[in-house]
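Report on the structure given below.
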Amino acid sequence: GAVVSQHPSRVICKSGTSVKIECRSLDFQATTMFWYRQFPKQSLMLMATSNEGSKATYEQGVEKDKFLINHASLTLSTLTVTSAHPEDSSFYICSARDRGQVYGYTFGSGTRLTVV
Amino acid sequence: RKEVEQDPGPFNVPEGATVAFNCTYSNSASQSFFWYRQDCRKEPKLLMSVYSSGNEDGRFTAQLNRASQYISLLIRDSKLSDSATYLCVVAGGGSQGNLIFGKGTKLSVKP
């Protein structure tokens, strides 16, 4: 079946640095990529939606200048957390939707970010 | 009111028990409904879609009541491996068709 490869699975970084998270769709074209964040004991919260070749749409309260999303190709989307702070520590996960599939979602395996 | 609400649990049950999870959603325009399973520190995995007519997959039965905006999941003859967090998920209310997740109900099946 469809697979989304997400890297890194775990990252620890110093406060003030930037971290890039990659999601690659294998064997299908991810026309839409959803980026979620999950804090401990909380639900997955949508951060932004990106369509290939277009600017991402951010949810209310999510800073677009802090969380940079690039979706330049149909198989790769990246999320860069810029100037990370400890409160950005969370589980970040992408979900890709194939062209023509309205509700067919494939999740990446997630990235656990810890900012120290 | 939260978009998708679930009883957070935890539900602690013995092996072989039947357990039911409930969920309500606020957006009447929602079109698709799912139950996902999430193991600790892992990505969510689709358990089953939920249809108005009700659907069953082995020991799992899902029901949808659109009038009440209520979704349920029944697990029969629970196994140790069923221990996880069960997420009620709704789609279709937004322009992009994104999924909206409940906080999840934690299930712990004991020997």
Side-chain angles (χ1 to χ4, degrees), chain A residues 1-7 9-10 21 23 30-52 54-60 62 69 71 89-114, chain B residues 1-11 21 23-27 29-52 55 62 64 71 84-108:
Chain A
V3 174
V4 171
S5 175
Q6 183 171 348
H7 293 281
S9 59
R10 185 183 298 267
I21 301 169
C23 279
T31 51
T32 303
M33 189 73 77
F34 302 98
W35 286 94
Y36 292 87
R37 178 169 56 182
Q38 186 178 33
F39 291 106
K41 298 188 179 182
Q42 300 295 315
S43 59
L44 276 78
M45 295 299 294
L46 181 68
M47 298 176 67
T49 302
S50 71
N51 292 300
E52 184 266 337
S54 303
K55 286 186 178 180
T57 302
Y58 289 80
E59 295 299 300
Q60 192 172 11
V62 178
I69 291 173
H71 193 169
S89 299
S90 187
F91 185 61
Y92 293 85
I93 190 163
C94 62
S95 175
R97 189 171 68 194
D98 192 356
R99 187 195 303 273
Q101 283 189 314
V102 179
Y103 296 119
Y105 301 86
T106 303
F107 283 86
S109 54
T111 298
R112 189 157 300 280
L113 170 64
T114 303
Chain B
R1 183 183 173 185
K2 292 180 182 174
E3 291 191 78
V4 179
E5 290 205 64
Q6 294 180 251
D7 182 341
F11 284 44
F21 302 138
C23 170
T24 56
Y25 60 96
S26 61
N27 189 343
S30 301
Q31 298 172 18
S32 297
F33 310 89
F34 311 92
W35 283 101
Y36 275 73
R37 169 193 170 129
Q38 187 176 25
D39 292 285
C40 189
R41 296 175 178 262
K42 300 283 188 182
E43 76 276 20
K45 293 187 186 295
L46 179 64
L47 181 65
M48 59 197 303
S49 301
V50 189
Y51 305 113
S52 296
N55 48 303
L64 166 65
I71 307 162
T85 296
Y86 290 83
L87 307 174
C88 177
V89 184
V90 172
S95 60
Q96 299 269 20
N98 58 287
L99 299 178
I100 300 171
F101 290 81
K103 284 176 87 170
T105 300
K106 187 172 182 179
L107 172 66
S108 182

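Nothing here was measured: the structure is a model prediction, and the numbers come from that model. So you know, we letter chains A, B, ... as the sequences are listed, proteins then strands, and number each from 1.
In this structure, CZ in Phe91(A) is found 6.5 Å from CD in Gln38(B), a value given to the nearest 0.5 Å. Residue Ser9(A) holds its OG atom at 9.0 Å from NZ of Lys42(B), rounded to the nearest 0.5 Å.
The backbone N or O of Leu99(B) lies less than 3.5 Å from a partner atom in the side chain of Tyr36(A), making a donor-acceptor pair.
Proximity to chain A is absent for every atom of Gln6(B), based on heavy atoms less than 4.5 angstrom apart. With a 4.5 Å cut-off on non-hydrogen atoms, Pro8(B) does not touch chain A at all. The part of Gln38(A) that comes within reach of chain B is its side chain, from C-beta onward, which places non-hydrogen atoms under 4.5 angstrom from that chain. In this structure, the portion of Ile93(A) lying under 4.5 Å from any heavy atom of chain B is its side chain and not its backbone.
Atom CE of Met48(B) sits in a crowded spot, with more than 12 heavy atoms from other residues, nucleotides or ligands closer than 6.0 Å. Crowding of Tyr51(B) atom OH: a count of heavy atoms from other residues, nucleotides or ligands under 6.0 Å not exceeding 12.
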Given Lys41(A) and Lys103(B), is the side chain to side chain contact (heavy atoms under 4.5 Å, CB included) satisfied, shown in steps? CA-CA 7 Å; Lys41(A) 298 188 179 182; Lys103(B) 284 176 87 170; over 6 Å; no
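Proximity of Val4(A) to Glu43(B): side-chain heavy atoms (C-beta onward) are nowhere separated by under 4.5 Å. A heavy-atom distance below 4.5 Å is not found between the side chains of Leu87(B) and Ser43(A).
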